[in-house]
Amino acid sequence: MIITIANQKGGVGKTTTVVNLATALASIDKKVLVIDMDPQYNSSMSFNVYNPNLSIYKVFSNKVNIEDTIQKSQIPNLNVISACEDLAAAEYELADDENRNFLLKNYINIIKNNYEYIFIDTPPTLGLLTVSSLTASAEVLIPVQCEFFALEGLSKLIKTIELVKTNLNIDLKLNGIILTMYDKRNSLSSLIEKEAREYFDTTVYKFNVPRNVTLSEAPSHGLPAIIYDLKCSGSQAYIALAKEFLERSNLNGSQ
Ligand SMILES: Nc1ncnc2c1ncn2[C@@H]1O[C@H](COP(=O)(O)OP(=O)(O)OP(=O)(O)O)[C@@H](O)[C@H]1O
Ligand SMILES: [Mg+2]
């Protein structure tokens with residue numbers, strides 16, 4: 001199953017969610033690929049595989065076959081395709097290509113049978129990189145940071161998802177919304193949670209991701225938090241979320 005993690009708001013926990021969910025699933029023997037579609041290449045760095053010569057951008061510019069860009073991570077069962085800064089240029093380099101929204105989907109088709117789960121990390125924009133990721137995916141997962149204005153941008157994102165569904169990918173399903181950086185000492189967090197659950201109901205995952213410093217430290221060690229410190233509250237939350245993720249994707253029956 002191919003799943004995009006998207007939110008055009010920056011710093012809401014997209015990359016942290018991709019990295020830790022992918023690792024949690026790989027650790028229960030699922031075959032997992034992470035494709036970094038963000039020119040900030042944070043998930044490539046988090047897995048310590050950043051390599052501009054093997055970037056997905058090289059595939060878009062026909063320099064390297066997608067099969068040859070796949071790198072092993074330090075985690076068994078988990079491979080990664082790196083991003084690089086130049087990927088930002090793809091937005092305008094491909095602007096005249098009529099097929100631009102389907103390029104990623106077509107490339108992923110070549111390799112998708114080797115994996116049970118393919119996670120796509122996206123940049124904080126709703127441009128070609130995110131739209132073509134949504135076009136290639138069976139499902140989309142939205143991390144939402146528990147802060148003021150968190151829900152503001154969400155209607156625009158949902159509208160974009162609906163547009164992709166109508167025009168590019170009729171099978172796209174909303175896997176769910178994950179509330180991130182939940183701070184139980186901050187009443188704003190519980191307020192945002194209440195609002196999100198009232199409005200989006202069961203679309204919101206049962207478990208929230210707490211604000212946890214280990215989650216933010218782990219990338220500097222080139223390791224996902226759940227490998228760096230399995231016991232921390234952030235890792236434990238992502239383990240619980242991975243279980244819920246599996247339940248949801250089974251329910252949806254996405255391939
Ligand atoms: N639950 C958390 N607790 C504490 N820090 C977190 C948590 N989740 C993410 N962070 C930190 O917050 C910052 C933003 O998180 P992350 O990079 O995952 O967001 P993003 O949505 O991918 O950002 P961008 O839009 O720039 O790609 C990072 O420094 C990350 O380590
Ligand atoms: Mg990111």
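All values below come from the heavy atoms of this structure, side chains included, with hydrogens, waters and symmetry mates left out.
Considering every non-hydrogen atom in both Asn175 and Glu139, the closest pair reads ND2-OE1, 2.8 Å. The shortest heavy-atom contact between Lys30 and Asn77 is O-CB, 3.3 Å. Nearest heavy atom pair, residue Arg248 against residue Thr203, reads NH1-O, 3.2 Å. Nearest heavy atom pair, residue Val34 against residue Ala22, reads CG2-CB, 3.6 Å. Summarising the geometry of Leu154 relative to Val144, their closest heavy-atom pair is CD1-CG2, 3.7 Å, with the distance given to 0.1 Å. The minimum heavy-atom distance between Ala6 and Val140, with the atom names listed, is CB-CG2, 4.2 Å.
The hydrophobic cluster containing Leu174 does not contain Leu241, counting ILVMFWY residues as joined when their side-chain heavy atoms lie under 4.5 angstrom apart, directly or transitively. Leu21 is connected to Tyr117 through a chain of hydrophobic side-chain contacts under 4.5 Å among Ile, Leu, Val, Met, Phe, Trp and Tyr, so both are in one cluster. Hydrophobic clustering keeps Leu134 apart from Leu141 (ILVMFWY residues linked when any side-chain heavy atoms are closer than 4.5 Å, directly or through intermediates). Residue Ile142 is not grouped with residue Ile2 when hydrophobic side chains (ILVMFWY) are merged at heavy-atom distances under 4.5 angstrom, including chains of intermediate members. Hydrophobic clustering (side-chain heavy atoms under 4.5 Å, transitive across Ile, Leu, Val, Met, Phe, Trp, Tyr) keeps Leu157 apart from Leu163.
One distance of note links CD of Glu162 with OG of Ser155; it measures 12.0 Å at 0.5 Å rounding. The CD1 atom of Ile161 sits 14.0 Å away from the NZ atom of Lys173 when rounded to the nearest 0.5 Å. Residue Arg197 holds its CZ atom at 10.0 Å from CD1 of Ile177, rounded to the nearest 0.5 Å. Here OH of Tyr57 is found 11.0 Å from CG of Leu129. Values are rounded to the nearest 0.5 Å. Note that the NZ atom of Lys58 and the CG atom of Leu54 stand 9.5 Å from one another [nearest 0.5 Å]. Ser233 contributes atom OG, which lies 7.0 Å from atom CG of Leu215 (distance to the nearest 0.5 angstrom).
Residues Lys14 and Val12 meet the side-chain proximity criterion, which asks for heavy atoms closer than 4.5 Å. For the pair Thr122 and Asp38, the minimum side-chain heavy-atom distance is 4.5 Å or more. Between Val80 and Leu78 there is a side-chain heavy-atom pair separated by less than 4.5 Å. Contact annotation: the side chain of Ile118 approaches that of Ile35 to within less than 4.5 Å [non-hydrogen atoms, C-beta and beyond]. With contacts defined as side-chain heavy-atom distances shorter than 4.5 Å, the pair Met37/Thr130 does not qualify. Taking the side chain as every heavy atom from C-beta outward, Leu94 and Phe60 approach each other to under 4.5 Å. No side-chain heavy atom of Leu179 sits under 4.5 Å from any side-chain heavy atom of Val209. When side chains are defined from C-beta on, Asp86 does not count as touching Pro52, because their heavy atoms never get closer than 4.5 Å.
Of the N and O atoms on the side chains of Thr135 and Asn169, not one donor lies less than 3.5 Å from an acceptor on the other residue. Side-chain contact annotation: Ser137 with Thr4, donor-acceptor N/O pair under 3.5 Å present. Checking Ser44 against Asp36 by side-chain atom types alone, a donor-acceptor pair falls below 3.5 Å. In this model, no donor atom of one side chain and acceptor atom of the other lie less than 3.5 Å apart for Thr15 and Asn42. Side chains of Asn208 and Glu193: a donor on one and an acceptor on the other come within 3.5 Å.
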Show your working on side-chain contact (heavy atoms from CB on, under 4.5 Å) between Ile5 and Ile120 and close with a plain yes or no. CA-CA 6 Å; Ile5 314 310; Ile120 309 179; over 6 Å; no
Do Leu188 and Phe148 pass the side-chain contact (heavy atoms from CB on, under 4.5 Å) test, and can you show the C-alpha distance, the side-chain angles, and the key distance before you say yes or no? CA-CA 7 Å; Leu188 190 57; Phe148 203 59; 4.1 Å; yes
Begin from the C-alpha positions of Thr17 and Tyr238 and carry the test side-chain contact (heavy atoms from CB on, under 4.5 Å) through to its verdict. CA-CA 8 Å; Thr17 299; Tyr238 276 111; 2.8 Å; yes
Candidate pair Cys146 and Met181, rule side-chain contact (heavy atoms from CB on, under 4.5 Å), full reasoning: CA-CA 6 Å; Cys146 293; Met181 300 186 223; 5.7 Å; no
Could you list the donor-acceptor pairs under 3.5 angstrom formed between side-chain atoms of residues 102-110 and any protein atom two or more places apart in sequence or on another chain?
unit_1 : atom_1 : unit_2 : atom_2 : d
Asn106 : ND2    : Phe102 : O      : 3.3
Tyr107 : OH     : Val59  : O      : 3.3
Asn109 : OD1    : Lys112 : NZ     : 3.2

Show me the donor-acceptor pairs, under 3.5 Å and distance only, between side chains in residues 223-232 and residues at least two apart or in other chains.
unit_1 : atom_1 : unit_2 : atom_2 : d
Tyr228 : OH     : His221 : NE2    : 3.2
Asp229 : OD1    : Lys231 : N      : 3.2
Asp229 : OD1    : Cys232 : N      : 3.4

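Annotation: salt bridge (Lys or Arg N to Asp or Glu O under 4.0 Å) contacts of Lys9 (sequence neighbours excluded): Glu147.
Under the 3.5 Å distance criterion, the side-chain polar atoms of Asp68 are left unmatched by any main-chain donor or acceptor of Val64. Not one N or O on the side chain of Glu116 forms a donor-acceptor pair closer than 3.5 Å with the backbone of Val32. Within the 3.5 Å criterion, the main-chain N or O of Glu91 finds no donor-acceptor partner in the side chain of Arg100. Between the side chain of Ser61 and the backbone N or O of Lys63 there is no donor-acceptor pair closer than 3.5 Å. Ser73 places a side-chain N or O within donor-acceptor distance of the main-chain N or O of Ile75, the cut-off being under 3.5 Å. With hydrogens and angles ignored, the 3.5 Å screen pairs no side-chain donor or acceptor of Arg211 with any backbone N or O of Tyr182. Between the side chain of Glu85 and the backbone N or O of Gln40 there is no donor-acceptor pair closer than 3.5 Å.
Residue pairs meeting the ring pair (Phe, Tyr, Trp, His ring centres under 6.0 Å) criterion with at least one member in residues 184-220, sequence neighbours excluded, do not occur. Residue pairs meeting the ring pair (Phe, Tyr, Trp, His ring centres under 6.0 Å) criterion with at least one member in residues 14-45, sequence neighbours excluded, are Tyr41-Tyr50. Sorted by first and then second residue, the ring pair (Phe, Tyr, Trp, His ring centres under 6.0 Å) pairs with a member in residues 121-140 form an empty list; sequence neighbours excluded.
Note on Lys194 versus Glu198: salt bridge recorded, some NZ/NE/NH1/NH2 to OD/OE distance being below 4.0 Å.
Here the rule is side-chain contact (heavy atoms from CB on, under 4.5 Å) with Gln74, and of Val49, Thr23, Asn48 only Asn48 fits it.
Heavy atoms from other residues, nucleotides or ligands lying under 6.0 Å from CD of Glu67 number more than 12.
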